Amino acid sequence: MDIIMENTPEMECVDQGEALHSDSAYGSSAVDTDTEDCLTPLEITFPYNEDLMHKTIMVGDSGVGKTSLLVQYDQGKFIPGSFSATVGIGFTNKVVTVDNVKVKLQIWDTAGQERFRSVTHAYYRDAQALLLLYDITSKSSFDNIRAWLTEIHEYAQKDVVIMLLGNKTDMAGERVIKREEGEKLAKEYGVPFMETSAKTGVNVELAFLAVAKELKHRAAQQPNEPKFQIHDYIASEKQKSGCCGGYM
Ligand SMILES: Nc1nc2c(ncn2[C@@H]2O[C@H](COP(=O)(O)OP(=O)(O)OP(=O)(O)O)[C@@H](O)[C@H]2O)c(=O)[nH]1
């Protein structure tokens, strides 16, 4: 396994035991030593595994535009016409390039109607990202965002990536939720926010790109590989550099 180790000037030559323990990504694999030593490379990131598939779910009230947003993102088109509510659940695979790395998203479109809610909950559990939508022309869809977030916190993983989207910005004349209200709510819950239009495509790619970036970033901090490999790598690097005799 390749590990990219970068020096940061302010972190040079600090006590290794302390430094490793201070990084929560290492947990119990942190190295203990009483030897004063000088392991310089302390900021460790992991190569992103392009085989990872990130389950991403679209949620929000019925009619906010989940299906339309996904169709716009996947096919670059908007199908106007009478609204037919999603009744099942289906997914679309997309590959997003982030800093020359391919991030795979498996995007699930869920039914917003209350009667399908228990089915949707089952999908939260292994989701890594959730796009939570409201419609800027519908006050009730905005008011329900708190209830959606409560459900998400109840059923989804703690570290799930959440993005709040206010959709249908092309319907400016019918807007009832100001952008600032969306921003304020997102800030309150500590989630990123964007306004989109599934009709014109405004910010649609950008929303998925932001999610992919965050997923890649998190994967680099929390590798799936067994931690002993990191431990062994650090030990071998220290031995090679002749640093820190007596270690291990
Ligand atoms: N003008 C405009 N209409 C939109 C936009 N997004 C969706 N719509 C329309 O809103 C209606 C509902 O859109 P859907 O994409 O089916 O909504 P949904 O959230 O998937 O609804 P459920 O499947 O019931 O959960 C449809 O008539 C869409 O054409 C948008 O950005 N602008």
Side-chain angles (χ1 to χ4, degrees), residues 54-94 96 105-125 127 129-156 160-183 185-186 189 191-211:
H54 300 281
K55 187 171 172 183
T56 303
I57 305 194
M58 320 275 298
V59 287
D61 277 9
S62 180
V64 295
K66 298 179 296 294
T67 304
S68 304
L69 199 87
L70 189 50
V71 168
Q72 175 63 256
Y73 180 52
D74 189 34
Q75 300 167 29
K77 64 183 182 194
F78 176 71
I79 306 161
S82 60
F83 163 50
S84 87
T86 306
V87 290
I89 193 155
F91 69 84
T92 302
N93 286 334
K94 292 289 283 181
V96 187
L105 302 182
Q106 185 177 71
I107 310 163
W108 291 77
D109 179 22
T110 64
Q113 287 181 10
E114 184 71 41
R115 63 197 170 109
F116 297 116
R117 211 54 67 81
S118 57
V119 181
T120 310
H121 291 162
Y123 285 85
Y124 284 3
R125 227 161 290 134
L130 288 159
L131 277 90
L132 176 56
L133 276 77
Y134 66 88
D135 171 353
I136 64 152
T137 72
S138 157
K139 181 157 172 9
S140 61
S141 75
F142 180 72
D143 291 344
N144 285 338
I145 290 294
R146 286 181 191 280
W148 280 106
L149 283 163
T150 304
E151 281 192 6
I152 289 167
H153 288 131
E154 190 174 339
Y155 295 101
V160 68
V161 171
I162 302 170
M163 172 147 226
L164 180 64
L165 300 177
N167 190 39
K168 306 196 186 180
T169 51
D170 58 283
M171 297 174 74
E174 289 160 65
R175 179 193 278 273
V176 293
I177 305 298
K178 292 186 194 133
R179 170 194 287 270
E180 296 74 39
E181 291 175 84
E183 281 170 351
L185 184 65
Y189 284 90
V191 299
F193 169 71
M194 262 185 214
E195 284 196 336
T196 55
S197 168
K199 185 173 183 178
T200 64
V202 162
N203 283 345
V204 174
E205 286 226 359
L206 217 56
F208 286 96
L209 178 64
V211 166

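First listed ligand is number 1; within each ligand, the first listed atom is number 1. The model shown is predicted, which means the values in this text are computed figures rather than measured ones.
- Atoms of ligand 1 found under 4.0 Å from any heavy atom of Asp61, numbered from 1 in the order shown, are 19 (O).
- No part of Asp135 comes within 4.0 Å of ligand 1, judged by heavy-atom distances.
- The side-chain heavy atoms of Lys66 and Val64, taken from C-beta on, include a pair separated by under 4.5 Å.
- Among the atoms of Ala198, some N or O lies under 3.5 angstrom from an N or O of ligand 1.
- Close approach of ligand 1 to Lys66 is summarised as follows: ligand atoms under 4.0 Å from at least one heavy atom of the residue are 15 (O), 17 (O), 18 (P), 19 (O), 20 (O), 21 (O), 22 (P), 25 (O).
- Residue-to-ligand polar distances keep Gly60 apart from ligand 1: every N/O pair is separated by 3.5 Å or more.
- Residue-to-ligand polar distances place Ser68 within reach of ligand 1: an N/O pair is separated by less than 3.5 Å.
- Contact check for Tyr73 versus Ile107: side-chain heavy atoms found under the 4.5 Å cut-off.
- For the pair Lys94 and Phe208, the cation-pi criterion (under 6.0 Å, within 45° of the ring axis) is not fulfilled.
- Assignment of Val71 to the shell around ligand 1 is not supported, since no heavy atom sits closer than 4.0 Å.
- Looking at Met171 against ligand 1, only its side chain comes within 4.0 Å, counting heavy atoms.
- When the options Ser62, Ser138, Gly65 are ranked by their closest heavy atom to atom 17 (O) of ligand 1, first place goes to Gly65.
- Around atom 32 (N) of ligand 1, the closest heavy atom drawn from Thr67, Ile136, Val59, Asp170 belongs to Asp170.
- With contacts defined as side-chain heavy-atom distances shorter than 4.5 Å, the pair Tyr124/Val59 qualifies.
- Applying side chain to side chain contact (heavy atoms under 4.5 Å, CB included) to Asn167 and the options Asp135, Thr137, Thr196, Leu131 leaves one that passes, Thr196.
- Contact annotation: the side chain of Leu185 approaches that of Phe142 to within less than 4.5 Å [non-hydrogen atoms, C-beta and beyond].
- Considering backbone and side-chain N/O of Thr169, none are found under 3.5 Å from N/O of ligand 1.
- Counting heavy atoms from C-beta on, the side chains of Leu130 and Leu132 never come closer than 4.5 Å.
- Between the side chains of Asp61 and Ser141, no donor N or O sits under 3.5 Å from an acceptor N or O.
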